[in-house]
Asker: 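Quick one: the structure is below, questions incoming.
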Amino acid sequence: MDKIFYILAALTLIAAFMVVISRHPIRSVLFLVATFFLISAQYILLNAQFLALVNIIVYAGAIMVLFLFVIMFLNLSRDLERFASWMPIAAAGISVGGIGLLLLASYRGAQISTDTVGNYDSGLVEQIGEVLYRDYLFPMEVCSVLFLVAMIGIVLLNRKERELPAKLPLP
Amino acid sequence: MSELTFKIIFIVAIFGISLFVAMYTTYAERKLAAFLQDRLGPNRAGPFGLLQPLADGVKLFFKEEFIPRVSDRILFIAGPAIFMCTALMTSAVIPFAPDLEINGTTYSMQAADLNVGILYLFGVVSLGVYGILVGGWASNNKFSLLGAIRAASQNISYELAMGLSIVSLVMVSSSLSLRDIVDQQSGWSWNIIYQPLGFLIFIVCAFAETNRAPFDLPECETELIGGYHTEFSSMKLGLYLFAEYIHVFISSAVLASLYFGGYQFPYVSDLDPGLVKTLLGGLVMFAKTGFFIFLFIWIRWTLPRFRYDQLMNLGWKVLIPLAVLNVLITALFILI
Amino acid sequence: MNHIPEIIRTIPLSHYVALSSALFLIGLLGVLIRKNIIIVFMCIEIMLNAVNLLMVAAASYRGDSAGQVMVLFTMAVAAAEVSVGLAIIVMIYKNLKTTNIDLFDQMKG
Amino acid sequence: MNPELILHLILWPPLAGFLINGVFGARMPKWLVSTIACFSPLLSFAASVAAYIQLAGQATTVKLYTWFVGEGSAIVDFSFLIDNLSIVMLFVVTGVGTLIHVYSIGYMSGDRGFHRFFAYLNLFVFFMLLLVLGSNLVVLFAGWEGVGLCSFLLIGFWYDNLEYNRAASKAFVMNRIGDLAFLVAIFLTIYTTGAVSFADLHDTMTNDVRINDPAYVAISLLFFIGVCGKSAQIPLFTWLPDAMAGPTPVSALIHAATMVTAGIYLIARMHFMYDLVPVTQLVIGITGCLTALVAATIALKQNDIKKILAYSTVSQLGFMAVALAAGAYITAIFHLVTHSFFKALLFLGAGSVIHGLHGEQDIRQMGGLRHKMRWTYGVMLVGTIAIAGLPPLSGFFSKDEILTAVHSHNMGFFIALALASAFTAWYMFRMFASVFHGAFRGKNETWEHVHEAPWSMRGPLVVLAVLSLAGGLLGLPAITGQSHRLYNFLVPAIVQPKISASHAFEYALWGISLAVILTLLVICFKRYGSSGPSVPSVTPSFFERLLVNKYFIDEIYERLFVHPLKIAGSWLMHRGDYGIIDRVVHFPGKVVESGAFALRNLQDGKLSSYLLYSVVALLIFLTLFLIF
């Protein structure tokens, strides 16, 4: 049964990798949606059902639709993008490899405790709600303010500039 | 019969029922439309034209498979598939009947009793947009793209009001599990009594989410020819059309479960758990669902189509404020 | 549904760490080698999700809901960030008629 | 009233006036600006009267706070000394100051910088009060520098005239030379005595009497160089005539009545030290005599009404310096007071004339003004007689006292001063006759518009005329049988024997001077009364050329100091500054610049590059995090 995890993990990584290497933006988006689905599945495995569904609703249902929207709107599919030339790719490869090595090194050095606490309900909506509204009420309010600000910002960003009259009326 | 086997059988059954209901919804739609327009409707295939849906299906299967040359082939095929899948996935959390107890084992008449069932409903419904968007975009057709974008923005907009109306429902029932919500409404104590405004908002949103008239702008023939499925033919078109009817069925079922007590009915609720109760409950559930399907069809053939800006105005400027107001009122009542 | 997690518990947490690290690196790679800014943006989302995954795993193993609440906040902020970011991208596209990140060369101080 | 309150009332109103007028003046109506400007010194004057009533005869020190503790043990307080000497100076500063403020309302009424002018004037009064009241050398120096600043600001008041700006800079630079010496003197004082307040210095120096102690000689000489700068003694006097570029009230207040006498005040304040150093006294005496003579002779041939008065001021300051050299400190102060009366009167009168003639300053273009400017004529007559030294006006008594004191001290000085006072009478009568008598020599349309000054100007003139008339009553000589009031008043502050001479000498002096002055009066009126100053002859004699060109002192300075300095400066600029210092200074800059140019390529404005940089930075930080 624990094979599920490894299968899902492999699929997740493949999907994520496909996001990176797909030359077609729409395919990238769809692979990303798949990635999110797989990650949600991981959440369900971890008994974090609430977060799994929130992940789907927020990322797959809202954020990715926005991406899809923008890509379709800008009609970017016309020109299939060429990747960066070899220099940036080499730089990127080196830096990513470096960070990977570092992560590996720190992972070797880290003491990851293997003992688990038997609270299976920590991912349930009641538990999360309690913690959220008891300990993290203020950050949540701040989040709502953040959304308000983001909303206003977007409206302002995309507001059409009021056009000036071509000629000033003569007095 | 192990639980898993039962689950598999049950899921297959639900799929079958969904498809069957959807199939005959098309029949009902045409019959009712004919009735409302003082016609006869389909009456050739079988008695009263009852075999008409089958005939339609066969016709669609044998039509020419046409994929435009300039389209994105994979996505063009993926679009209707995604749409159909998401439509069918929705039924997983709907409790169709009371639990059945035979020989001490309990058989749940529900594919999955998620404790966050409503969220699941939401997630899957919001995914339905992908089917439309992908299909519409892959057609590489102006009208399809416009239809797809209309559908997507319509769905997203109305999801908000829908979510808010459900928030107040959840506040009343204090559970996200559909099973719990249905169980709470035994007898006559249906949620419609506590949430009349929420119900109204929900049903309007349900019409918009299913892209049904009067909100069927994404496929508005007069403006966009056929909307997102302009370029589709054969069974791919069939999937789109069919999925829409499945959406109607599921929406009706959800409406029945959330606001009209699902399988709960006076007398039925008081029965002891058992085969009788399960059967009666299922009957009640399907009766209520049938009523809502009828409502869907009735409204489609009665009301004229909205204009797109009217639709958006209704969604953002009327329904969302109303839903927020509803949440506030509910909170007030809960406090008192 | 509690029997699935119990089986999953046989998997050490370190495997989750490895998975999310790999996911993070893939996202990072995408950020660096892709030229379409929207894809870059999406790769950033992958990185965010990698972090989220690790956090959920840790929270789940520790039986502490606070970690999941944090993930909730991450998602909220990500949603706001994406909406603003996409709005900016659309504006840039309107002005420059491109989404090629190499052509965004007007950020000189 | 307690002394601290009195002090606050004296000191702060002018500063407040400066702040109000300086900050808000541009937006306030003129009547409000002038009211504030005139009332602030008036308030100080009233407070000075209160100080006179309450505190006369006792030296009161008011300490506000400890300013800083100097090297060693010299504690420098921000404290003030009100004794009889400062009270006399207070009266001069605030009294004459107030009158000149009132006068300025009329004189400056048409000027764009009206509020600026009054703000500067108030600031000047404040610094002057700081100077006069300071109980130690440091506070005094603060005031000293402040008045220098105000002098600079006011000389260059009409800043759109380049010539005026040059004059302002010249004054400032020359004062700097003196101020440097002053500062070194303060350091030396602190170094040798460890004290900085006058009371402590007095105690130290009178306890330990060392005549011609080298340290004291050095200090006193350095102080005297400072005095030379501020009080326009040879060799640092050339700035004062040029300072006439400022508005006339400024010349009256700063460059005649108050600021230039600060040096005299300083030496009077430090008299206990100068008593100990006869060498310095001799130097002061010689310098003073030379100054008095040189300036008086230059004034003989000047044609600019204000320049004549400026040289006259220099000359009179020389008189005071000689009096100081003779140990007659009170006499010097007496002359300072009377001089402030009549010289302010003369300047203001000259201002009235200039005002009436719309800016004409050349006495060759004047004449016969007594018909049109009766008031000015009257007050100028009083002033001229006072400075010329006819009894019983104030100038007569003070100058007579100086001569008496010098006579018993050093015969050479006496002769020089007698000569100088004869010259004084000559150039004053020459000026007076040329301006007011005879026929008008300017343009006809100017004559048409000649008018008497408004009352705001006439009022102060009349008050000053009365003071000039009666100022001598402060210090009547012994032969009149009256007591010397100023002497009696100042003796607690300045310890000094009474000046006395034989009656025969006194009468002889009076008689001779009266005879000489009257003779000069007659000659002058005959010579200049009708035709004004003569046109320079075609072949001027050597002396004439010398006098007209002010002994070529400016030119000599130009050759002797400025030119070599310029050459050395430009050499240093090219070789030293550009060649060495700039290279040294620019080297790190060049390194940074070239490094920045190299690094600049990193900031190419490309989003993709920035993303890469941030990842690299992450890499680096992670590495560091891992290592440490």
Side-chain angles (χ1 to χ4, degrees), chain A residues 1-2 5 9 12-13 16-17 19-20 25 28 32 35-36 39 42-43 45-48 51 54-55 58 62-63 66-67 70-71 74 76 81 83-84 88-89 92 95-96 99-100 103 107 112 114 116-120 122-123 127-128 131-132 135-136 139 143 146-147 150 153-154 157-158, chain C residues 2 4-5 7-15 17-19 21-23 25-30 32-36 38-39 42-43 45-46 49 53 56-57 59-66 68-69 71-73 75-80 82-84 86-91 93 99 102:
Chain A
M1 201 64 178
D2 57 352
F5 167 76
T12 313
L13 292 179
F17 200 64
V19 173
V20 173
S28 280
L32 190 55
T35 313
F36 290 150
I39 288 174
Q42 298 274 17
Y43 289 174
L45 288 185
L46 289 163
N47 209 17
L51 272 184
V54 169
N55 197 39
V58 171
I63 292 181
L66 276 181
F67 272 111
V70 169
I71 290 173
L74 305 183
L76 295 176
E81 145 195 18
F83 284 121
I89 287 191
S95 38
V96 169
I99 288 182
L103 284 179
Y107 174 75
I112 298 170
T114 46
T116 55
V117 184
N119 183 1
Y120 297 139
S122 66
Q127 305 275 326
I128 290 179
V131 173
L132 179 61
D135 299 341
Y136 296 96
C143 261
L146 173 74
F147 274 111
I154 293 160
L157 264 178
N158 285 325
Chain C
N2 282 346
I4 300 176
I7 296 160
I8 293 302
R9 291 285 161 94
T10 58
I11 297 162
L13 182 57
S14 53
H15 289 197
V17 177
L19 172 61
S21 304
L23 213 50
L25 289 178
I26 289 173
L28 198 60
L29 189 70
L32 291 182
I33 66 170
R34 291 304 296 247
K35 278 160 100 182
N36 186 335
I38 298 180
I39 309 288
M42 281 166 25
C43 292
E45 295 303 315
I46 293 182
N49 262 275
L53 176 61
V56 170
S60 202
Y61 273 66
R62 283 182 53 79
D64 186 357
S65 300
Q68 305 205 0
V69 170
V71 174
L72 211 58
F73 286 138
M75 286 179 187
V77 173
V82 165
S83 47
V84 176
L86 282 176
I88 291 171
I89 288 174
V90 169
M91 286 309 289
Y93 185 79
T99 53
D102 286 340

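Here is how names work: the chains are called A, B, and so on, in the same order as the sequence lines, proteins then strands, and each is numbered from 1. Since the structure is predicted, the reported quantities are computational estimates derived from the model, not experimental observations.
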Asker: Between L132(A) and chain C, which part of the residue has a heavy atom less than 4.5 Å away: side chain, backbone, both or neither?
Answerer: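 Its backbone and side chain both get close to chain C.
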Asker: Is there side-chain contact between L19(C) and F5(A), with at least one heavy-atom pair below 4.5 Å?
Answerer: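 Counting from C-beta outward, L19(C) and F5(A) do come under 4.5 Å.
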Asker: Shorter than 4.5 Å, heavy atoms on both sides: which option in V71(C), N49(C), V77(C), L23(C) has the most such pairs with chain A?
Answerer: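 Heavy-atom pair counts peak at N49(C).
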Asker: Do N36(C) and P25(A) have side chains that get closer than 4.5 Å, going by heavy atoms?
Answerer: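 Yes; the side chains approach each other to less than 4.5 Å.
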Asker: Please determine, among C143(A), A62(A), A16(A), the option with the most heavy-atom pairs under 4.5 Å with chain C.
Answerer: A16(A)
Asker: Using heavy-atom distances under 4.5 Å, tell me whether V82(C) contacts chain A through its side chain, its backbone, both, or neither.
Answerer: side chain
Asker: Between I46(C) and F17(A), is there a side-chain heavy-atom distance shorter than 4.5 Å?
Answerer: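 When only atoms from C-beta onward are counted, I46(C) and F17(A) do not touch, as no gap falls below 4.5 Å.
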Asker: Out of V58(A), T35(A), L146(A), which one racks up the most heavy-atom pairs below 4.5 Å with chain C?
Answerer: L146(A)
Asker: Which of the residues I88(C), V56(C), L28(C) is involved in the greatest number of heavy-atom pairs with chain A at under 4.5 angstrom?
Answerer: V56(C)
Asker: Just wondering, do L51(A) and M75(C) contact through their side chains at under 4.5 Å, heavy atoms?
Answerer: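 M75(C) vs L51(A): side chains touch.
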Asker: I'd like to know whether CZ of F147(A) has more than 12 heavy-atom contacts from other residues, nucleotides or ligands below 6.0 angstrom.
Answerer: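 Yes, the 6.0 Å shell around CZ holds more than 12 heavy atoms from other groups.
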Asker: Chain A: which of L29(C), V90(C), L86(C) shares the most heavy-atom pairs with it under 4.5 Å?
Answerer: L86(C)
Asker: Most heavy-atom pairs under 4.5 angstrom with chain A, which of A18(C), G27(C), A57(C)?
Answerer: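 The option with the most such pairs is A57(C).
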Asker: Is a donor on one side and an acceptor on the other found under 3.5 Å between the side chain of S60(C) and the backbone of L46(A)?
Answerer: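 At least one qualifying donor-acceptor pair exists.
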Asker: Could you tell me the separation between the CD1 atom of I39(C) and the CG atom of L32(A), rounded to the nearest 0.5 Å?
Answerer: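 It is 9.0 Å, given to the nearest 0.5 Å.
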Asker: Identify the heavy atoms of G30(C) and V20(A) that sit nearest to each other, and give their distance.
Answerer: CA-CG1, 3.5 Å
Asker: How long is the span from the OG atom in S83(C) to the CD1 atom in I63(A), to the nearest 0.5 Å?
Answerer: 8.0 Å
Asker: Report the distance from atom CD1 of I128(A) to atom CD of Q68(C), rounding to the nearest 0.5 Å.
Answerer: 4.5 Å
